[in-house]
Amino acid sequence: MNPNPIKFEQGPIRPPNEATSLLLRVTRNCPWNQCLFCPVYKRRKFSLRSVEEIKQDIQTARDIANDIKALSWKLGCSGDIGDAVISAVLNDPGTDESYRSIAAWMYYGTRACFLQDADNLIMKTDDLLAVLTFLKEKFPEITRITTYSRSRTVIRKSVESLRRIREAGLDRIHIGLETGYDPLLKLMKKGVSGRQHVEAGRKLLEAGIELSEYVMPGLGGQGMWREHALATARVLNQINPDFIRLRSLRVPQRVPLYRNLQDGSFRMQTDDMLAEEIKLFIETLDGITSSVTSDHIMNLLEEVSGKLPEDKERMLAAIKKYQALSDIDRLIFRVGRRGGAYRSTDDLTRDPQTYRKIKALVEDVRSKEGIKGVEDLISGLVDQYI
Ligand code: SF4
């Protein structure tokens, strides 16, 4: 397609619901980078990118999108980015990641853009406005722009500045709230308090920016799970964000919290304990109209998802249904879910053949290695997603 591929920069992560968004990196890595549970940017240095550099990337993305449009016409697809165009791009050995990324974005047609990396409100307001204005000018087809930021950074901006950012095109901010429990925020070196989370969330909503708050079930371990669930729900009750997203804790070897696991000062919640913790959390959410989602692959119970308050009982029922399963069925569900075969506890009865296969596997591992062997198998399956 292009003998001298042009490229633009992309960062390492985006929220699960932004998988099909156009990904553009406006800052590099995380300016805080201290959270004990976070593996993403460790050993990578934060840096701002200049407005000119970001604009150049946006222009490059536009040029690539135009190239792909032209290819569509050449292939007789009248500018449409369907199967023929995407396979031409993906199968062309001359295309690089930038081309593949833009082609996939055009193919899915989400018209959404996610600005990477971890804390983009750290940019000077005028610089962010310049980037947003240029992005809207070059990509008028984009209808939603979102990004990550930290509560500590948000509260340094005035509502007026946030409103200008909203008017320039930033529709939604994802915040890693993780917990509302101050001793846990401190222990995990999150660098923010529950009160600051509330202040930041309210400011964003006042400025008209949609707010998505990430909560981390399991972060309190076995020692603080109850306080974590209660305080987090109470903080969210004071914010009433548009979205509450659950992303359960995992502790790979490369995060600082792994040391606490090793020395026994932090003990992971088991899946069954997590179910109880999330039940308490959902029960405590009160007086708010947020949408709850469990769209992260780390979560065991994807069905804990719905709009408050009307779906609260349905979400609790999904948890109770899991808790009411027999011991062996809970193990089978966990293996099936972590292995990608199941999404709901209803799947246990939908497909008898898969059920029998997983049951045989669980019984085989348990007979040879005991219940620890089964737990290790499940952990291995979950950790493949980290
Ligand atoms: S602020 Fe976010 S990205 Fe930065 S270290 Fe903490 S969790 Fe990771």
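All ligand and atom numbering here is 1-based and tracks the order in the structure.
- Close approach of ligand 1 to Cys30 (heavy-atom distance below 4.0 Å) involves ligand atoms 1 (S), 3 (S), 4 (Fe), 5 (S).
- The backbone N or O of Glu303 lies less than 3.5 Å from no partner atom in the side chain of Ser294, so there is not a single donor-acceptor pair.
- Side-chain N/O atoms of Asp92 and Tyr99 include no donor and acceptor closer than 3.5 Å.
- Counting the atoms of ligand 1 from 1 in the order shown, those under 4.0 Å from a heavy atom of Gln34 are 5 (S).
- Using a 4.5 Å heavy-atom threshold, the side chains of Lys189 and Cys35 count as separate.
- Between the side chains of Ser291 and Asp242, no donor-acceptor pair of N or O atoms lies under 3.5 Å.
- Taking the six-membered ring for Trp and the full ring otherwise, Tyr41 and Trp32 have centroids separated by 6.0 Å or more.
- What sits closest to atom 5 (S) of ligand 1 on the protein, heavy atoms only, is Asn33 CA, 3.5 Å.
- Distance check for Cys35 against atom 6 (Fe) of ligand 1: an N/O/S atom falls below 2.8 Å.
- Close approach of ligand 1 to Ala118 (heavy-atom distance below 4.0 Å) involves ligand atoms 3 (S).
- Note on Cys38: not counted as a metal contact of atom 4 (Fe) of ligand 1, no N/O/S atom lying under 2.8 Å.
- Within ligand 1, the atoms closer than 4.0 Å to a non-hydrogen atom of Tyr41 are 3 (S), numbered from 1 in the order shown.
- With ligand atoms numbered from 1 in the order given, ligand 1 contributes 1 (S) to contacts under 4.0 Å with heavy atoms of Arg150.
- Under the 3.5 Å distance criterion, the side-chain polar atoms of Asp57 are left unmatched by any main-chain donor or acceptor of Leu24.
- Side chain of Asn33 to backbone of Arg44: a donor-acceptor contact under 3.5 angstrom is found.
- Regarding atom 2 (Fe) of ligand 1, its nearest protein heavy-atom neighbour is Lys190 NZ, 4.0 Å.
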